[in-house]
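Scroll down for the structure; my scribbles are underneath it.
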Amino acid sequence: MNLHEARQRIETAVTQYGQHAAPAIDLVLNEVRSDLGARAFNELVEEFDLELLYNIAPMESDHSNS
């Protein structure tokens with residue numbers, strides 16, 4: 001999956017399911033994380049304001065401070 005396809009699928013889920021789109025968006029984001037990594041995942045969360053609208057939080061950094 002690429003970012004363009006992910007954006008289209010998120011937009012479709014929001015249009016089709018409205019406030020109940022979170023499960024469909026989660027599926028897309030899981031694919032994005034697997035195929036493109038955390039940076040792309042976080043970019044989509046921010047771009048679509050998913051944390052506010054669907055309580056989908058950005059991923060933690062892969063680096064720990066311990």
Side-chain angles (χ1 to χ4, degrees):
M1 173 179 308
N2 60 45
L3 278 176
H4 178 71
E5 182 182 349
R7 286 183 180 99
Q8 288 180 321
R9 288 177 59 188
I10 291 170
E11 288 170 359
T12 299
V14 169
T15 301
Q16 189 171 10
Y17 300 113
Q19 66 181 354
H20 303 289
I25 293 170
D26 274 337
L27 291 174
V28 174
L29 291 177
N30 284 335
E31 280 189 58
V32 167
R33 185 184 68 229
S34 175
D35 294 351
L36 304 173
R39 179 179 290 158
F41 178 101
N42 290 341
E43 182 179 323
L44 291 170
V45 169
E46 184 177 320
E47 179 178 335
F48 287 95
D49 209 7
L50 298 177
E51 187 167 20
L52 179 64
L53 297 174
Y54 298 102
N55 203 29
I56 298 173
M59 294 181 66
E60 296 282 328
S61 171
D62 290 336
H63 308 288
S64 72
N65 293 329
S66 51

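From a predicted model like this one, the values you see are computed outputs, not experimental measurements. Any value given below was found using the heavy atoms of this structure, including those in side chains, with hydrogens, waters and symmetry copies removed.
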Side chain to side chain donor-acceptor pair (under 3.5 Å) involving Glu47 - partner list, sequence neighbours excluded: Arg7
Which heavy atom of Ala40 sits nearest to which heavy atom of Leu3, and what is that distance? CB-CD2, 3.9 Å
For His4, all residues meeting side chain to side chain donor-acceptor pair (under 3.5 Å), sequence neighbours excluded: Gln8
Which distance, rounded to the nearest 0.5 Å, do you find between the OH of Tyr54 and the CG of Leu29? 11.5 Å
Set of residues satisfying side-chain contact (heavy atoms from CB on, under 4.5 Å) with respect to Ala24, sequence neighbours excluded: Ala13, Tyr17
Thr15 side-chain N/O to Glu11 backbone N/O, donor-acceptor pair under 3.5 Å: yes
In sequence, state the C-alpha distance, the side-chain angles, and the governing distance for Val32 and Glu43, and then conclude on side-chain contact (heavy atoms from CB on, under 4.5 Å). CA-CA 10 Å; Val32 167; Glu43 182 179 323; over 6 Å; no
Any side-chain heavy-atom pair from Leu53 and Val14 closer than 4.5 angstrom? no
Who passes side chain to side chain donor-acceptor pair (under 3.5 Å) against Glu46, sequence neighbours left out? none
Determine which pairs satisfy salt bridge (charged side-chain N to carboxylate O under 4.0 Å, His left out) with at least one residue from residues 22-41, sequence neighbours left out, and list them in order. Arg9-Glu31
Look up atom CD1 in Ile56 and atom CZ in Phe41, then write down how far apart they are to the nearest 0.5 Å. 7.0 Å
Any chain of hydrophobic side-chain contacts (each under 4.5 Å) joining Met59 to Leu27? no
If you round to the nearest 0.5 Å, how far is OG1 of Thr12 from CD1 of Ile25? 10.5 Å
Quick one: side-chain contact (heavy atoms from CB on, under 4.5 Å) partners of Asn55, sequence neighbours excluded? none
Taking all heavy atoms of Leu44 and all of Leu50, pick out the closest pair and write down the distance. O-CD1, 3.9 Å
